[in-house]
Amino acid sequence: MASRPRTLYEKIWDDHVVERRPDGTCLIYIDRHLVHEVTSPQAFEGLRLAGRPVHRPDLTLAVPDHNLPTTPRVGPDGQRLPIADRESALQLATLEANVAEFGVPYVDAIAAAQGIVHVVGPEQGFTLPGTTLVCGDSHTAAHGALGALAFGIGTSEVEHVLATQTLQLKPAKTMEVRVDGILGFGISAKDVVLAIIGRIGAAGGTGYVIEFTGSVIRDLSIEGRLTVSNMAIEGGARSGLIAPDDKTYAYLAGRPMAPQGADWDAALAYWQTLPTDAGATYDSTIILDAADIVPNVTWGTSPEDVVAITGVVPDPMSFADPGKQQAAVKSLAYMGLTAGMRMADVPVQNIFIGSCTNSRIEDLRAAAAVLKGRHKADSVKWAIVVPGSGLVKRQAEAEGLDRVFIDAGLEWREPGCSACLGMNPDKVPPGERCASTSNRNFVGRQGPGARTHLLSPAMAAAAAITGRLTDVRDLMEKA
Amino acid sequence: MDRLTTIDGRAYPFGRKNVDTDVIIPAKWLKTVTRSGLGQGAFENVRVEDGNVFDDPEYAGAPTIIAGDNFGCGSSREHAAWALDDMGVKAVIAPSFSDIFSGNAYKNGILTVVLPQAAIDRLMEVALTDPIHIDLQEQSVTTQFQDRFTFEIDPFRKECLLNGTDEIGLTLASAAKITNYEDVVANVRPWLRRKG
Ligand code: SF4
């Protein structure tokens with residue numbers, strides 16, 4: 001074999017080519033496929049109409065998440081409670097019927113392991129370094145934090161993977177996003193990824209797979225890396241990647257679906273060959289310095305609309321591109337903000353701590369550390385904490401975090417996507433603001449007319465206490 | 001997928017520009033669990049207009065839509081192609097299409113025909129009273145009045161549509177290669193098998 005230096009992406013790609021066509025299209029093998037209730041019904045229907053089975057049910061895992069209410073799912077008598085929204089109930093029942101018919105492994109809505117697909121995959125050890133992983137959901141990019149080539153797909157592709165365990169793909173370009181230095185006090189993974197998106201723009205990564213490198217990424221925990229890779233798609237890249245290392249292996253060891261015994265040893269030997277070779281080149285490289293990263297928030301309706309909490313709402317005319325100027329004018333009108341207003345003066349009425357970006361145990365610990373011994377402001381009407389999975393919920397309860405949230409006046413909920421996109425009943429009322437740890441601040445994303453400010457879990461907790469966007473470092477110094 | 005060789009019949013003389021996927025199928029239909037049945041919601045917001053072509057008995061069941069520039073722009077929802085398929089549409093003729101829509105249409109066996117505006121204008125006129133004939137092999141659109149317009153199509157897509165090969169069917173033609181790959185991987189990366 002030729003020993004041309006290769007990137008992590010190239011190594012994973014090369015090991016998954018089943019067939020190469022003259023036009024460059026490759027048939028790529030898919031090692032892991034996560035399925036949820038929203039984008040799968042028509043795919044299963046397609047299989048049924050064509051009389052096709054699921055080729056590798058064993059490599060597939062179905063988990064309901066988007067439509068599940070975050071209120072209790074089991075009554076005092078131990079019976080499952082019905083779901084009020086009829087269309088949501090039907091989508092969930094359809095998933096249950098489909099997995100039974102096609103023999104697909106399924107995590108039930110009331111199982112302890114249930115949660116958001118992108119939290120469940122890593123937590124169960126379903127996600128592994130060097131694998132190809134897909135899901136009918138754009139935030140599948142998250143799994144790249146463990147060194148998996150992971151990306152979101154459409155419903156026809158879901159059906160294609162179910163039927164063939166492959167996809168027809170063309171190789172992507174590679175972009176290195178390197179974050180050097182050491183993060184300052186009170187700065188989290190969310191601030192890092194918001195800084196990256198603010199820098200490259202919401203379409204900056206289009207056509208690329210981003211590999212996140214540098215000392216800041218290395219120093220992050222696996223939870224923090226998942227937060228960063230999750231939002232690669234908000235920078236336009238279908239996938240994010242982070243090279244696996246000892247932290248990755250320590251995180252995976254002993255997970256229920258991770259390899260064990262001799263398999264583990266063989267896997268580890270392979271994983272250690274994956275990191276990008278010295279001398280390999282990327283099509284593009286962007287470098288950020290940790291010293292420039294501060295607690296960030298968004299001011300507009302695109303995740304690229306990032307500003308430091310110490311900053312002000314930008315003047316639309318300060319953007320060079322006329323298209324961006326117009327978009328900014330519209331965003332500010334929707335968000336009810338005026339140029340020059342201090343971000344730290346923006347009041348919020350709603351707090352959402354959750355979503356596949358920030359609902360893991362470390363996120364909840366960070367929020368609880370700020371909230372401990374304090375109480376939310378009276379002006380904050382609705383504040384919910386939604387753990388990413390049943391296992392995260394249990395762990396948090398074992399650590400007493402649920403008490404911290406409840407004592408601070410926040411609601412402690414059942415796991416799911418929740419107010420990240422408002423397909424279930426958790427929505428932000430029209431015209432109101434939400435300090436949200438989720439990943440999209442699009443118009444209407446958290447409910448019609450809802451105004452979303454993206455930020456980290458610690459910053460969301462700080463906003464809950466003061467009732468306005470707040471630099472969490474001020475509260476931490478006092479504590 | 002059915003083979004697509006010729007398409008014969010009346011055509012909806014729709015003619016509108018920038019028809020986005022929200023017009024083709026409104027967002028409220030996305031909570032559905034089937035691909036079939038979306039024809040009911042197709043062009044729902046156009047159908048509230050008096051005298052719209054989709055409810056005109058003259059064109060009932062027409063296999064072709066004639067439209068203006070940039071058909072299928074906006075959200076990537078595949079539901080738009082499913083809705084057209086469900087209402088029996090096999091081809092859309094327009095001066096241009098959004099990339100995502102034409103990909104989705106092709107994946108669902110719907111032909112997108114690109115013709116210049118002058119040809120569209122003429123076909124809109126014919127469509128009011130007479131059928132339109134599309135021949136994929138010949139790459140032509142003709143009428144009984146000696147009109148003949150030829151169009152371009154990606155050779156690979158053309159083959160797939162002519163043979164009724166959907167992408168899955170095409171991939172399954174490589175089924176032996178897939179199982180061979182699986183056999184090799186079972187040996188070199190045995191940990192990828194799932195036991196739990
Ligand atoms: S939490 Fe939000 S972004 Fe993540 S999978 Fe659910 S809806 Fe998508």
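- Using a 4.5 Å heavy-atom cutoff, the side chains of A:Leu27 and B:Ile178 are in contact.
- The backbone N or O of A:Leu59 lies less than 3.5 Å from no partner atom in the side chain of B:Arg194, so there is not a single donor-acceptor pair.
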### Query
Taking it one step at a time, do A:Arg21 and B:Phe156 satisfy side-chain contact (heavy atoms from CB on, under 4.5 Å)?
CA-CA 12 Å; A:Arg21 279 216 229 96; B:Phe156 180 70; 3.8 Å; yes
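- Only the side chain of A:Thr166 comes within contact range of chain B, with heavy atoms under 4.5 Å apart.
- The stretch residues 29-37 of chain A places A:Tyr29, A:Asp31, A:Arg32 near chain B, each with some heavy atom under 4.5 Å from a heavy atom of that chain.
- Annotation: side chain of A:Val18 is not in contact with side chain of B:Ser174 (no heavy-atom distance under 4.5 Å).
- Ring-plane geometry between A:Trp271 and B:Trp191 is classed as perpendicular, the angle between the planes exceeding 60 degrees on a 0 to 90 degree scale with a lower cut at 30.
- Within the structure, salt bridge (Lys or Arg N to Asp or Glu O under 4.0 Å) pairs that include any residue of residues 105-116 of chain B do not occur (at least two apart or interchain).
- B:Phe54 meets the ring-ring contact (aromatic ring centres under 6.0 Å, His included) test with B:Tyr12, B:Phe14, B:Phe43; sequence neighbours excluded.
- Residues of residues 39-52 of chain A that come closer than 4.5 Å to chain B, counting heavy atoms only, are A:Pro41, A:Gln42, A:Ala43, A:Glu45, A:Gly46, A:Arg52, ordered by residue number.
- Heavy-atom distances place the side chain of A:His55, and not its backbone, under 4.5 Å from chain B.
- Within the 4.5 Å cutoff, the side chain of B:Arg35 has heavy atoms near those of the A:Ser156 side chain.
- Two residues are said to be in side-chain contact when any heavy atoms from C-beta on lie closer than 4.5 Å; A:Asp263 and B:Arg193 fail this criterion.
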